[in-house]
Structure formats: structure tokens, C-alpha cells
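Written out below as C-alpha cells is the structure these notes cover.
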Amino acid sequence: MRTYQLEEQDRIEDLIRSCTLCYVGMADENGIPYVLPMNFGYEDEIIYLHSAQEGHSISILEKNPNVCITFCTDPKLMWQDEEVACSYRVRADSVICRGKVVFEDEYDEKVNALNIIMRQYSDREFSYSAPSVKNVKIWKVALENVSAREFGVPSKNVYKYKDRSIF
Ligand SMILES: Cc1cc2nc3c(=O)[nH]c(=O)nc-3n(C[C@H](O)[C@H](O)[C@H](O)COP(=O)(O)OP(=O)(O)OC[C@H]3O[C@@H](n4cnc5c(N)ncnc54)[C@H](O)[C@@H]3O)c2cc1C
């Protein structure tokens, strides 16, 4: 598989914004990993997440706020020869971000975070009831380290694409 490292910040931000989901990896005090699929928002090098106030993830993060967040664009299956297994590729780009979760408690900042998350999924403007804002837990992750790679990039225009996502 051909793999390219991506360096341009604009390109990496476009990749993040093109994703529907992220995978948030954390580790408990015994080093046992726990990874959750989550919705997200992104603005100014900060990833915004939201959750219930309690749960296994919150218990872990209260002891160890370090997270590794992975994004992967919609994968496309490609092949050079449909009958040759090793000619198959999955074309996708992925981004891995590391940082620490900080919980946001201030009301207006929580509303701002919810707006950033909703902008990832809709162009509409939303309002939120006060109990909804109070009950939601907002996670902010300022990015400390980011890497991005392209996978399955064809060297020549000989690959055929499946015109839909395979997953
Ligand atoms: C597409 C998608 C988007 C999501 N977006 C969000 C989001 O934005 N915010 C959010 O809070 N949650 C989201 N979830 C749900 C999230 O993945 C967790 O299930 C949820 O946050 C509860 O996690 P918890 O650690 O509090 O688990 P708890 O409710 O404490 O659950 C305890 C146990 O249940 C199991 N468990 C928990 N979550 C899952 C899971 N997803 N799959 C299988 N087993 C599980 C684990 O073994 C865990 O130890 C999303 C899920 C999907 C599939």
C-alpha cells in the first residue's frame, strides 16, 4: 500500500472536517485501553466532544486526561485486477491527534461548544434549553500533536473504484 505523510495544516483540517465520527482512545490507571466512537466538532486546533455527565469514560478521564483521537475519511475500495487479491487497496486518509481532555463548565462556553459540534453536521442555527446545557458534559481537547497520512493512493490511474463506501 502506498502511504504519504501529510504536512499541510489546511489539508489536515479539511480531512478532520470531512469526517462524521472520531474514535477517542484513552487509558485507565492500569493502562487498559478504552476507545469510543464519538461525534465531534473542530475549531482553531481544538476538538470538541460531548457526553453524559457520568460513565466509564468520565471515570477514566478524571484520572488520566490523555487521549488519542483518530479520524478516518470515508474509505473506498479499489482494485487493479478484480481477480487478484494483492491488487486490492482501500483508499482513505487518517489523522491521529493527541492531547488532554479539559471539561468545560462555564455555561456560555458550553453553548459555544455545542454550536461548534452542531456545525460539523448541519448549517442550521440551534438553541438549547438550560437543563440540556447543564446536563451535558463538554470535553475540549487542544491538539498537542497531530499526524496525518494518505493510504492507498494509486501510482497510476489504473485502479477502479467502487463508487460507494465499503463500510
Ligand atoms: C456513531 C456513534 C456516535 C457516538 N457519539 C457519541 C457522542 O458524541 N457522545 C457520547 O457521549 N457518546 C457517543 N456515542 C456513544 C459512545 O460510543 C459511548 O457508548 C457512550 O459515550 C458511553 O460511554 P461510557 O464510557 O460512558 O460507557 P458506559 O455507559 O459507562 O458503558 C459501560 C460499558 O459499556 C460498554 N460500551 C460503552 N460504549 C460502548 C459502545 N459505543 N460500543 C460498545 N460497547 C460500549 C463498555 O464495555 C463500557 O465499559 C456514539 C456512538 C456511536 C456508535
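Each ligand, and each atom within it, is numbered from 1 in the order the structure gives. Residues take their numbers from the sequence shown, with the count starting at 1. Heavy-atom basis, side chains included; hydrogens, waters and symmetry copies ignored.
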Within the distance-only criterion (no hydrogens, no angle test), does the side chain of Glu8 pair as donor or acceptor with the backbone N or O of Arg11 below 3.5 angstrom?
no
Does atom 23 (O) of ligand 1 have a protein heavy-atom neighbour under 4.0 Å away?
yes
Numbered in order shown, the ligand 1 atoms found under 4.0 Å of a heavy atom of His50 are 7 (C), 8 (O), 9 (N), 10 (C), 11 (O)
Considering only non-hydrogen protein atoms, determine which one is nearest to atom 2 (C) of ligand 1 and report residue, atom name and distance to 0.1 Å.
Leu21 CD2, 3.8 Å
Are any side-chain N or O atoms of Thr73 and backbone N or O atoms of Asp93, one a donor and one an acceptor, separated by less than 3.5 Å?
yes
Can you tell me the protein heavy atom closest to atom 19 (O) of ligand 1 and the distance?
Leu36 CD2, 4.3 Å
Kindly indicate whether atom 37 (C) of ligand 1 is approached by any protein heavy atom to under 4.0 angstrom.
yes
Can you find a protein heavy atom closer to atom 26 (O) of ligand 1 than 4.0 Å?
yes
Please indicate, with yes or no, if any protein heavy atom is found under 4.0 Å from atom 11 (O) of ligand 1?
yes
Protein heavy-atom partner closest to atom 30 (O) of ligand 1 - residue, atom, separation in Å:
His56 N, 2.8 Å
Per-atom contacts, ligand 1 versus Ser51 - under 4.0 Å to a heavy atom:
11 (O)
Is Gln5 close to Ser147 at the side-chain level, that is, under 4.5 Å between some pair of heavy atoms?
yes
Measure the shortest side-chain to side-chain distance between His50 and Lys110 over non-hydrogen atoms and say whether it is less than 4.5 angstrom.
no
Below 4.0 angstrom from a heavy atom of Gly55, which ligand 1 atoms are there? Numbered from 1 as shown, please.
26 (O), 30 (O)
So do the side chains of Ile138 and Val136 get within less than 4.5 Å of each other, counting heavy atoms only?
yes
Who's the nearest protein heavy-atom neighbour of atom 8 (O) of ligand 1, and how far?
Asn39 N, 3.1 Å
Give a yes-or-no answer on whether the side chains of Tyr128 and Asn115 include a donor-acceptor pair shorter than 3.5 Å.
yes
Close side-chain approach of Tyr48 to Val141, heavy-atom, < 4.5 Å:
no
Would you say Lys100's side chain and Pro65's backbone share a donor-acceptor pair under 3.5 angstrom?
no
Do Ile58 and Trp139 have side-chain heavy atoms sitting under 4.5 Å apart?
yes
Would the Phe40 and Phe71 ring centres measure less than 6.0 Å apart?
yes
With the threshold set strictly below 4.0 angstrom, can you tell me whether any protein non-hydrogen atom sits that near atom 44 (N) of ligand 1?
no
If you compare Tyr23, Phe40, Tyr48, Tyr34 by their heavy atoms, the one closest to atom 33 (C) of ligand 1 turns out to be Tyr34
Any protein heavy atom under 4.0 Å from atom 40 (C) of ligand 1?
no
Among all the protein's non-hydrogen atoms, which is closest to atom 13 (C) of ligand 1, and how far away is it?
Pro37 O, 3.8 Å
